[in-house]
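Worksheet: the structure to be examined is printed underneath.
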Amino acid sequence: MATATETTIAQKLEALLKLQTIDSALDNIKKVRGDLPEEVRDLEDEIMGLETRLSKFQQEIASFEEQISNYKNSKKDSDKLIVKYKEQQMNVRNNREFEAISKEIELQGLEMEIADKRIKEIDFKVLNKNDEIASVESTLFERKKDLEQKQKELEVIINESEEDEQKAMKDREKALKLVDPRLFKSYEKLRDNARNGLAVVMVKRGACGGCFSSVPPQRQTDIKDKKKIIVCEHCGRVFAGVEDVIPPPEKEKKSRSKAAVSAPAAPAAE
Ligand SMILES: [Zn+2]
């Protein structure tokens with residue numbers, strides 16, 4: 001029975017490369033989604049902020065309206081008092097009483113004037129606040145439209161890739177079990193630091209597959225031997241092996257040239 005300690009370097013590298021392949025696929029899925037998830041979150045936050053502001057403004061309007069109705073009530077009270085005072089004036093016994101009541105009537109009149117002035121001031125505040133509400137509402141409308149649009153886009157993209165993502169995540173779990181824990185630590189660190197998310201690379205056409213620095217032939221031989229873990233001198237990425245020099249463009253060229261040949265070849269065969 002093979003134990004962990006018996007795992008060869010070649011097996012360790014193979015496990016690590018497998019993990020890298022899966023992680024790169026997952027990176028690609030995230031790249032396709034791009035900034036959309038973040039944009040959706042930002043919009044949701046902004047909408048929440050706008051809605052809070054709107055409800056604050058509406059509370060302010062309610063409070064203004066309450067103040068106005070209080071002033072209107074006190075105007076009614078003053079009106080009633082004036083009617084009452086005028087009746088009293090009919091029954092005064094002397095001039096002094098008449099004058100005293102006149103003063104009261106005058107006072108209530110002043111109260112009513114002040115109330116009117118206040119009502120006008122508050123009406124003006126209500127008008128301004130309503131303008132603010134209208135502006136917030138129109139921004140809110142726009143943002144909600146944006147959000148709906150972005151959510152739809154994101155949904156489509158997620159739907160397209162969800163299956164792939166879930167499969168990759170499952171594969172990743174399996175692959176991870178075979179990876180040497182210490183190697184995994186460096187792998188994670190390398191991936192964090194690498195802009196392209198590559199921690200494990202192949203030597204491709206004599207160069208590091210991560211940073212494209214050339215790898216000397218002797219070093220390539222060592223890498224092929226897989227007797228020890230070898231990392232790129234320039235970027236520190238782990239070399240999983242050396243890609244065989246059967247460059248895929250050759251195949252492409254062949255199929256292309258075949259297509260190119262078959263066209264003129266047809267009339268020739270006739
Ligand atoms: Zn490198």
Side-chain angles (χ1 to χ4, degrees), residues 2-39 41 154 157-158 160-257:
T3 62
T5 47
E6 282 173 284
T7 312
T8 63
I9 294 289
Q11 283 169 325
K12 281 184 183 177
L13 286 173
E14 195 191 333
L16 207 56
L17 186 63
K18 178 104 195 263
L19 181 66
Q20 176 69 74
T21 309
I22 294 165
D23 278 341
S24 292
L26 283 167
D27 288 347
N28 266 336
I29 289 170
K30 289 202 185 97
K31 210 194 283 169
V32 168
R33 290 178 192 167
D35 295 332
L36 263 181
E38 206 181 313
E39 282 170 23
R41 263 197 304 279
L154 185 61
I157 293 172
I158 286 178
E160 279 171 358
S161 56
E162 202 174 27
E163 215 174 296
D164 292 343
E165 187 183 29
Q166 265 160 16
K167 191 187 167 295
M169 298 282 266
K170 262 187 210 153
D171 290 347
R172 188 180 195 275
E173 253 174 69
K174 264 187 249 164
L176 200 53
K177 282 182 192 144
L178 300 174
V179 172
D180 179 88
R182 266 172 46 206
L183 269 177
F184 180 62
K185 261 191 191 164
S186 353
Y187 170 82
E188 276 191 310
K189 219 182 272 173
L190 278 163
R191 249 173 75 75
D192 282 347
N193 293 330
R195 268 177 58 208
N196 55 8
L198 287 178
V200 185
V201 294
M202 299 291 282
V203 175
K204 287 180 184 172
R205 279 175 233 169
C208 165
C211 71
F212 309 112
S213 303
S214 71
V215 182
Q218 179 54 50
R219 214 166 154 72
Q220 288 189 41
T221 312
D222 293 343
I223 293 163
K224 268 188 198 160
D225 283 349
K226 297 187 183 175
K227 292 268 161 51
K228 56 178 184 175
I229 304 284
I230 297 175
V231 303
C232 173
E233 286 172 307
H234 298 274
C235 66
R237 288 181 175 93
V238 177
F239 285 128
V242 178
E243 222 171 59
D244 292 328
V245 195
I246 309 168
E250 196 84 68
K251 263 193 228 155
E252 233 176 75
K253 218 202 276 172
K254 215 181 256 170
S255 61
R256 222 188 292 135
S257 64

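Atoms within a ligand are numbered from 1 in the order they appear, just like the ligands themselves.
Nearest heavy-atom pair across Gly241 and Lys226 is CA-CE, 4.2 Å.
Applying the side chain to side chain donor-acceptor pair (under 3.5 Å) test to every pair with at least one member in residues 181-195, sequence neighbours left out, gives these pairs: Asp23-Tyr187, Asp27-Arg191. Sorted by first and then second residue, the side chain to side chain donor-acceptor pair (under 3.5 Å) pairs with a member in residues 206-224 read Gln218-Asp222; sequence neighbours excluded.
Near-neighbour remark for the Zn ion (ligand 1): protein N, O or S atoms under 2.8 Å are Cys208 SG, Cys211 SG, Cys232 SG, Cys235 SG; waters not counted.
Rounded to the nearest 0.5 Å, atoms NZ (Lys12) and CG (Asp180) are 4.0 Å apart. Separating the CD1 atom in Ile29 from the CD atom in Glu163 is a distance of 11.0 Å, to the nearest 0.5 Å.
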Which donor-acceptor pairs under 3.5 Å do the side chains of residues 228-239 make with protein atoms, sequence neighbours left out?
from, atom 1, to, atom 2, distance (Å)
Arg237, NE, Leu198, O, 2.7
Arg237, NH2, Asn196, OD1, 3.0

